[in-house]
Amino acid sequence: MGELLRVTDVVKRFPVGRGLLLRKPTAEVHAVDGVSFTINSGETFALVGESGCGKTTTANLVLRLLDVDAGRIDFAGEEITHRRGKRLRELRRDIQMIFQDPVASLNPRMTVRDIVAEPLVAQGRRRGATGQVAELLERVGLDPDHAGRYPHEFSGGQRQRIGIARALALSPKLIVCDEPVSALDVSMRAQVLNLLLDLQTDLGLTYLFISHDLSVVRHVCDRVGVMYLGKIVEVAKREQLFGGALHPYTQALLSAVPVPDPDVEVKRRRIVLQGEVPSPLHPPPACRFHTRCWKVETICRNETPELEVRCGQHKASCHFAEPRAAVEIHA
Amino acid sequence: MRQTTSQAQPTVTVDASTAGRPLLEVRDLRTEYRSPSGIVRAVDGVSFTINPGEVLAVVGESGCGKTATALSILGLIPRHAGQVVGGQVLFEGEDLLSVRAERLRQIRGDRIAMIFQEPTLDPVRRIGDQISEVLRAHRALSHHDAWNQAVEFLGLVGIPRAAERARDYPHQFSGGMRQRALIAMAVALRPDLLIADEPTTALDVTIQAQILELLLEVRRSLGMAILLITHDLGIVAGFAERVMVMYGGRKVEEAPVRSLYRQPKHPYTWGLLGCTTRLDGNRRDRLPQITGAPPSLISPPTGCRFAPRCPHAQELCRASYPALLEVGDRHRAACHFAEGEEWGSS
């Protein structure tokens, strides 16, 4: 189980223009601001956070759909930060993606066969594609006889399976799953999560799992990174994070996830954050969470806390890090 | 920043004149939609009641008929799309399905209000004006008074500097604030019933927690009943007093919130609870799953709608639709084998 992906201090800023004629960019959105993490072969690493925290941008940087402004990305021991052309196309075989929206991510005018075969065709492996498509469909639990159908003839859960079959077509090493079950109903969600787990066991896949839902993350991930306003504020193994999150933001995020149990909900000690996430155009100085944090002191407004190792591999960037259980109950 | 504890729901005292009579009683509601492939029986004989001040949650997956039920109550099914074809919707004894359009307009907004998943505000008008308009449509108020009340309600729903922010346009509000503004608009007329259709689904989880708390706060101060429509069994647990589970256009189970989570009697409810991801309890790598997909409502299966996916289905289930049976205190389930079965053990 060696290291498969290493992301080091990547930065991505998007210029924001003013006026109709995008003249000079007047400001920059700090979408990703110095993010580092590693993923080992065969494991699932989750990036968790709310809208605008930079988790999807980070995924797009890893996929090389966007270019970094600074930092570097290594995949399987080679730097891929600035790969272009043929070398980049080769990389696509190894890193694939599953999207959130099973409707928008499938071309409605293509048959399932053509959709799943497209990565093969794009890589010049047209021969034998039909047989491979049948195998892939079977692998994800769809009837190969339905390959001639169009996406609208399938349910949401089945469409997501089509997207997974497409991602598997080139036998990738790493699959970036961007909110793969958020658009699905509860019963479909469990089916797709189980499928992802089975595929990982059978094919030895590595996942970068992007999600806003910590209860989903708890079921599928080995390690978790929590993002807030373009920075990772906490990284931990699953048991560490759900057993005792250290960063106040992670604690608040966990506390906001409802538990489907009325007895627990009544007794639960809840942290309700006031206000909303500040604009990434002008992130707060020093600790970015200080405007909403209940532990805030002068130091938080003046000194940026480092993402430091606290115990084992558990890292958190907070001046006042203290563990708190995911579901705290009143005694 | 505050640390708070979810409190048990206070029971709202009902005044003697209306005691015993439900606020809303839906009887055998049937709603159909037209589609290119045939008639969709979206709501197929649903009955339920809501008492004054009560919080009832309607839970189910996409296409189970939960939104269609809400829209039918308010007469909001678009005419080109479908229609209510049977049943009664009795609001304080008055059948909303047979009243004149004008009377329905009076009740809608004033007595029964609704909030939707997507914050639906007019993008080119000030927030304060939009709330004032609702007030003036139902009350004889001057512009000035309506505006002041709008500001007051924006303050009530937690918009800081409400007097100033009332002059903003919707794009100047964040998603969470827009949902707050809509809640202000919905409760400005102090309705007796608020129908909230997936009010937090489009919001981030920390904002969701704020909005749910706000809804319960507003309910405490105004004493209205809430009909919450959601797919999320998590938010229901801490929010509702009673739950109704829908599947395939029908009610399959109904119970006080605690009984439903402790002793689910319908295999669908049991399956839904089992496959919900959660933060606590034993973590399982593989989740128990409900196989297959919900039925088509164009030609739904005869017999129990859930039978094709049910691990316990027998001949009887495929042959006849089970009646809603009393299986406990205020607990009803539509399953031939609901009584005495412990689905969890099989």
Side-chain angles (χ1 to χ4, degrees), chain A residues 49-52 155-158 181 184-191 193-194 197-198 212-220 238-239 242 248-249 252-277 292-296 326-327 329-330, chain B residues 1-8 60-64 158 160 174-177 203-210 212-213 231-240 256-258 260-262 268 271-281 283-294 309:
Chain A
E50 297 181 278
S51 326
S155 71
Q158 288 173 320
V181 297
L184 303 179
D185 269 317
V186 186
S187 71
M188 298 294 132
R189 196 175 281 191
Q191 290 180 10
L193 289 175
N194 285 344
L197 288 169
D198 291 344
H212 70 282
D213 188 338
L214 278 158
S215 69
V216 168
V217 164
R218 177 167 179 262
H219 280 277
V220 296
R238 174 178 55 199
E239 292 74 19
F242 291 95
Y249 177 64
L253 208 53
L254 282 164
S255 178
V257 179
V259 171
D261 184 334
D263 292 341
V264 173
E265 284 291 302
V266 166
K267 285 184 276 179
R268 199 166 169 197
R269 277 162 54 98
R270 183 144 275 157
I271 302 166
V272 178
L273 282 185
Q274 300 303 296
E276 306 192 11
V277 182
R292 301 170 82 197
C293 188
W294 65 99
K295 288 186 173 177
V296 61
V327 179
I329 301 288
H330 276 291
Chain B
M1 182 63 228
R2 277 181 300 156
Q3 300 228 10
T4 59
T5 313
S6 340
Q7 295 286 320
E61 300 180 89
S62 326
C64 73
S174 68
M177 281 166 69
L203 303 174
D204 271 319
V205 62
T206 58
I207 309 301
Q208 163 172 294
Q210 292 176 5
L212 291 173
E213 202 185 65
H231 68 281
D232 188 339
L233 279 164
I235 66 176
V236 170
F239 190 86
V257 68
R258 199 162 178 277
L260 190 97
Y261 286 81
R262 280 285 159 271
Y268 176 63
L272 215 49
L273 280 166
C275 69
T276 302
T277 52
R278 50 192 297 171
L279 283 183
D280 64 336
R283 194 193 63 82
R284 286 155 300 191
D285 272 323
R286 279 182 64 90
L287 286 159
Q289 63 185 39
I290 306 176
T291 52
R309 303 174 78 187

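Below, read A as the first sequence line, B as the second, and so on, with proteins coming before strands; counting in each chain starts at 1. Every value quoted in this text rests on a predicted model; they were computed, and no experiment measured them.
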> Which value, rounded to the nearest 0.5 Å, describes the distance between B:Thr277 atom OG1 and A:Arg189 atom CZ?
6.0 Å

> In Å and rounded to the nearest 0.5 Å, what is the CD1 to OG1 distance from A:Ile271 to B:Thr206?
11.5 Å

> Return the CD to NE2 distance between B:Gln208 and A:His212, rounded to the nearest 0.5 Å.
8.0 Å

> Select one option (side chain, backbone, both, neither) describing which atoms of B:Val236 are under 4.5 Å from chain A's heavy atoms.
neither

> Is it the backbone or the side chain of B:Glu61 that comes under 4.5 Å from a heavy atom of chain A, or both, or neither?
both

> Going through the distances and angles, do B:Val205 and A:Asp213 end up as a side chain to side chain contact (heavy atoms under 4.5 Å, CB included)?
CA-CA 8 Å; B:Val205 62; A:Asp213 188 338; over 6 Å; no

> Mind listing the closest non-hydrogen atom pair of B:Asp280 and A:Arg218 along with its distance?
O-NH1, 3.3 Å

> Just how far is it from atom CG of A:Leu193 to atom CZ of B:Arg286, taken to the nearest 0.5 Å?
10.5 Å

> Is it the side chain or the backbone of A:Val257 that comes within 4.5 Å of chain B heavy atoms, both, or neither?
both

> So B:Pro294 and A:Met188, do their side chains get closer than 4.5 Å, heavy atoms only?
yes

> Heavy atoms only, distances under 4.5 angstrom: which of B:Arg309, B:His231, B:Arg262 has the most pairs with chain A? Name it, please.
B:Arg262

> Pick from A:Ser155, A:Gly157, A:Ser187, A:Gly156: which one has the most heavy-atom pairs with chain B under 4.5 Å?
A:Ser187

> Quick one: CG on A:Asp261 to CG on B:Leu273, what's the gap to the nearest 0.5 Å?
9.5 Å

> I'd like to know which of A:Pro260, A:Ser51, A:Pro258 tops the heavy-atom pair count under 4.5 Å against chain B.
A:Pro260

> Is there a donor-acceptor pair closer than 3.5 Å between any side-chain N or O of A:Gln191 and the backbone N or O of B:Gly292?
yes

> Please classify the contact between A:Val264 and chain B as side chain, backbone, both or neither, with a heavy-atom cut-off of under 4.5 Å.
side chain

> Looking at every non-hydrogen atom in both residues, tell me the closest pair between B:Gln289 and A:Ala190 and how far apart they are.
OE1-O, 3.8 Å

> Could you have a look at B:Leu279, B:Ile290, B:Thr291 and say which one has the most heavy-atom pairs with chain A under 4.5 angstrom?
B:Leu279

> What is the distance from atom CD of A:Glu50 to atom CG of B:Leu203, rounded to the nearest 0.5 Å?
10.0 Å

> Test your reading of the model: is there a side-chain donor-acceptor pair from B:Gln210 to the backbone of A:Leu273, 3.5 Å cut-off?
yes

> Would you say B:Arg278's side chain and A:Val259's backbone share a donor-acceptor pair under 3.5 angstrom?
no

